[in-house]
Every structure is written in C-alpha cells, then in structure tokens.
Amino acid sequence: MTPAARIAAAIEVLDQVFDGLAAEQALTRWARGARYAGSKDRAGVRDHVFQALRCRRSYAAMGGGEDGRAVMIGALRADDVDPGTVFTGEGHAPDILSAVETAVTPATLSEAQSADLPDWLWRVFEADLGADAMAQARTQRNRAPVGLRVNIQMNTVLQTIEMLEGDGIIAMPVEACETALIVTEGARKIRQSQAYLTGAVELQDVSSQSAMARVTVPPGARVLDYCAGGGGKTFALAALAQNDPDPVRFFAHDIAPGRMADLPTRATRAGVEVTLLETSEIDRQAPFDIVLCDVPCSGSGTWRRAPEAKWRLTLDRLEELSRIQMDILQSSSKFLRPGGQLIYTTCSVLTRENADRIQAFSNAHPGQYDLQQQIQTPVSDIGDGFFYASLIRTH
C-alpha cells in the first residue's frame, strides 16, 4: 500500500468508529477485507487511526469537519503537510480535495480543542487538575510508552534485557522502579519473544508497577485482588512478595468472571499460584491481610492507549463510576482483618475518582481507617496517569 492508500483506509475505519463501532473491531473488519495489506500496512493504518482518535477534536477543527476524511485532512495540516499532495484521487489515494476543503482556514483553537477533549470534559479537567490540566490533556495526544515488568523471581533486569535483545527488542531500565523496562525498539515483537512466552516479562505500565512496589507483602500474608481482571497487579505483588518462611497466598475475584479467563494461563507462565474466587466464596476465605481494589474508572490516565474512551465518556457515566468505586470500597473492606491494608488504585487523573473517593470512604468510617499513602502519578513519557492509596484498618 502507498502512504496515501493507508490514509484512505484510515478514513474508512474512522468513519466506522465515529458511527459507534469499537476501534479494534473496525480495524479487524477492514483487515479482513484487505487481504492485500501486509503487516506493515496494517500497522500503518492502525497508527493513523489511533493518532486521529487521540487528536480528533483539533484535527477536525483543522480539517473543517467531523468525519474521517476531514479528521485526516486536519492530521496532515497538523504535520505541516499539504493535504492536496495526498488527496489526489490517483490509484488508491483519497479523492481530490473539494474547493470547500481546500478553502478551510482553521481558526484559533479553543482550550478544549487544544486539549483534544469535549467541552464538558475539559471543564472537569480544569476543576480537578487546575494549572496542570492542559499539560495532562496534551500529553494524552502522543503515543504511550511500552512498559515491561521483569519477573525478578526468574531473572535479573540485566539478564532480561539481554534476553529481549536476542529477539530484536531493545529495552532500557527505569530508575524510578526496579522491575520496570521501557521498550524503545521492537515493541511489536514482544508477545512472540522468549522472555514473554516464558514469563520473564509481562506487559505492564511503569506507573502501575511503581504503585504495586509500594505494597509490603509480608510472609504468610493472604492477598485478595478484588477487581482482578487479567491479574497483572497480583503477579506484580507476587514477584515482590516475601515468601520466607511462609508462602504468600493469592486470591483473585472479579464481578465479571470472564475477565479472569486468561488469568490461570498467565499465572502458570509467571510461576504464581492464584486461587480464583466467586463472589459467594469470598466470605469463606476471609479475612485477608491485603485487599486490593483496582476499580473501574474513566481510564483518563490511559487515553493514549484507548483514545476513543474520552469521546464516549459522559458526565452521567463519570458520576456512575464514582458510585461504583464507593460501593467497591464498602464491599471489599468487609473482608479485611483489623491491621490489614486496603489498597485503592485507578488509572485516572481525576480527583473525583481518586482523592475524593478516599475522603468519602474515610468520612463514612470515622476512626476505622488510617491513610498511609496517597499518590497521584501524572501522565508522563514513562508511564500512565495512576492513583494509589493505602489505608490500614485500625479495628
């Protein structure tokens, strides 16, 4: 495919996404109908689509419209490329620009357009993040770094780096987290690499790893991952757990058990034993020394990875998420023993999902929990936006 043909394909995919289809589904549908497209072509179209979704609003303003064609015209203008050199109508290139499209002169962008957020969501960012709102929003306009967690129970960081190099993957250590690597070359090869297939590394954001590194898991502890999903945070804790003289026991639960479908396979690969629990079974296993709640959230710290989410989020949904987060804290805390740790995390940068939830929970349980740590990690060039809070149950 030519570069222009890839843009034409991206326009087709974007129009389906704007009509409500999930980006991954739209890309898969296009790929099935484009057997001629090689792996580099598919990757190129995917990159166009996700970058357009990250910058949808500013690109639309620069392209003079809201459909996929206008957004891709705006993307070219944002990169100081004359769209007329791409939209030629020749071969598989997009149709030639109309007089109206050629005449578009983008006005000065509003703050919300510059932040690539809906107006209502920009107001939330301003209220919750203050002076840091624009910087956090604009960082989300760039591709996210690829983070790996080294399973230090298997290999040292240096040994793992060498192992990855053998499969053409270049990774560098991160000073802020001893288990973390940032991939600088060969990211698309990770899932087929020996390091990944043998459990020596897991794909995990650096901010998430750093948060789990703050949790002290003593020998013999019983740990419940209450919103486990694929179990990534359980495995991170297991790699750092103090198993001598008594082994730590890990339990995983999710209100939607299907989300844990891959957890047993991943646990085997990582060399970790995890007991899966249905909701009705938790009482029989309680109390726990550590209860981890990685709650559903807006994902506002990860919109570089899933940019369509910021266009589909509504204020009603954000308020619903806040209620769900509070319900999870209330429900899960019942399974914690006195003196145990309640860990609350989100991949959000919004105060209302983070510090406000902890304050509301503490207010509902006066004198019953002591806040140990509360840390908000911003979106950065090494990791996602992430929130971590640790509370000790006093009685």
Side-chain angles (χ1 to χ4, degrees), residues 115-117 121-142 144-145 147 149 174-180 182 204-216 226-227 229 232-233 236-237 290-307 309-310 313 315 317-319 321-326 328-329 332-333 341-364 369-392:
D116 272 300
L117 293 172
L121 192 47
W122 169 242
R123 290 192 291 271
V124 171
F125 258 61
E126 282 191 300
D128 284 9
L129 301 178
D132 201 34
M134 183 60 77
Q136 287 293 285
R138 290 187 66 82
T139 303
Q140 300 273 26
R141 301 172 80 248
N142 304 311
R149 179 179 55 77
V174 179
E175 185 177 346
C177 183
E178 66 169 332
T179 60
I182 291 291
Q204 189 170 30
D205 175 67
V206 172
S207 298
S208 175
Q209 292 184 57
S210 298
M212 293 303 97
R214 297 179 184 280
V215 183
T216 298
Y226 190 73
C227 309
K233 293 176 179 63
L237 292 177
I290 297 173
V291 174
L292 168 63
C293 300
D294 184 37
V295 299
C297 68
S298 65
S300 55
T302 63
W303 282 340
R304 293 178 293 187
R305 303 179 193 277
K310 66 179 174 180
L313 183 67
L315 182 57
R317 176 56 177 164
L318 187 56
E319 292 173 349
L321 284 167
S322 294
R323 291 193 292 272
I324 291 171
Q325 290 153 4
M326 191 65 174
I328 289 173
L329 278 170
S332 65
S333 63
Q341 299 179 66
L342 179 63
I343 310 296
Y344 175 88
T345 64
T346 75
C347 53
S348 174
V349 296
L350 302 180
T351 305
R352 64 191 62 199
E353 296 186 277
N354 297 335
D356 286 357
R357 291 304 94 221
I358 296 301
Q359 186 62 59
F361 178 75
S362 296
N363 290 345
Y369 291 88
D370 285 341
L371 179 62
Q372 279 199 314
Q373 282 188 313
Q374 181 170 285
I375 298 167
Q376 176 70 66
T377 303
V379 183
S380 72
D381 58 354
I382 63 167
D384 294 337
F386 201 84
F387 179 79
Y388 167 90
S390 171
L391 302 98
I392 298 297

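These figures come from a predicted structure and were not determined experimentally.
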* To do: Might you work through the side-chain contact (heavy atoms from CB on, under 4.5 Å) test for Ser380 and Val206, ending with a clear yes or no?
  => CA-CA 10 Å; Ser380 72; Val206 172; over 6 Å; no
* Asked: Okay, side chain of Gln325, backbone of Pro296: is any donor-acceptor separation there less than 3.5 Å?
  -> yes
* **Of Lys233, Arg305, Arg304, the residue whose pairing with Asp205 passes salt bridge (charged side-chain N to carboxylate O under 4.0 Å, His left out)** => Arg305
* Structure fact -> Closest heavy-atom pair, Ala355 versus Phe387, reported as atoms and distance to 0.1 Å, is N-CZ, 3.7 Å
* Asked: For the atom pair CZ (Arg149) and OG (Ser210), what is the distance rounded to the nearest 0.5 Å?
  -> 12.0 Å
* side-chain contact (heavy atoms from CB on, under 4.5 Å) between Phe361 and Ser333, intermediate numbers included -> CA-CA 10 Å; Phe361 178 75; Ser333 63; 3.8 Å; yes
* Find out whether Leu350 and Leu318 are in side-chain contact, i.e. whether some heavy atom of one side chain is under 4.5 Å from a heavy atom of the other. => yes
* Side chains of Ser207 and Asp384: donor-acceptor distance under 3.5 Å anywhere? -> no
* Nearest heavy atoms of Ser298 and Leu321, plus distance in Å -> N-CD1, 3.6 Å
* Full working for side-chain contact (heavy atoms from CB on, under 4.5 Å) between Leu391 and Ile358 -> CA-CA 9 Å; Leu391 302 98; Ile358 296 301; 4.1 Å; yes
* Asked: For the residue pair Lys310 and Asp116, what are the closest heavy atoms and their distance?
  -> NZ-O, 3.0 Å
* **Point-to-point distance, once rounded to the nearest 0.5 Å, from CG of Leu237 to OG1 of Thr216** => 10.5 Å
* Full working for side-chain contact (heavy atoms from CB on, under 4.5 Å) between Gln140 and Leu117 -> CA-CA 10 Å; Gln140 300 273 26; Leu117 293 172; over 6 Å; no
* Asked: Hey, are Thr346 and Ser348 close enough side-chain-wise for a donor-acceptor pair under 3.5 Å?
  -> no
* Flag the pair Tyr388 / Thr377 as yes when at least one side-chain heavy-atom distance between them is below 4.5 Å, and no otherwise. => no
* Structure fact -> Smallest heavy-atom separation, Ile182 atom then Val174 atom, equals CG1-CG2, 3.5 Å
* To do: Give the ring-plane orientation class for Phe125 versus Trp303, where under 30° counts as parallel, over 60° as perpendicular and anything between as tilted.
  => parallel
* Kindly give the heavy-atom pair with the smallest separation between Leu371 and Gln374, and that separation in Å. => CD2-OE1, 3.7 Å
* Asked: What distance do Tyr369 atom OH and Asn363 atom CG have between them, rounded to the nearest 0.5 Å?
  -> 14.0 Å
* To do: Taking the side chain as every heavy atom from C-beta outward, state whether Ser332 and Leu342 have any pair of such atoms under 4.5 Å apart.
  => yes
* Asked: What closest approach, in Å, do Val379 and Gly301 show between heavy atoms, and which atom pair accounts for it?
  -> CG2-O, 3.9 Å
* Do Val291 and Gln341 touch side chain to side chain, with heavy atoms closer than 4.5 Å? -> no
* Asked: Is there a side-chain contact between Val124 and Arg352 (heavy atoms, below 4.5 Å)?
  -> yes
* Asked: Is there a donor-acceptor pair closer than 3.5 Å between any side-chain N or O of Asp128 and the backbone N or O of Thr351?
  -> yes
* Asked: Does some side-chain heavy atom of Thr179 sit less than 4.5 Å from a side-chain heavy atom of Met212?
  -> no
* To do: Please answer whether the main-chain N or O of Ser322 pairs with a side-chain N or O of Glu353 as donor and acceptor at a distance below 3.5 Å.
  => no
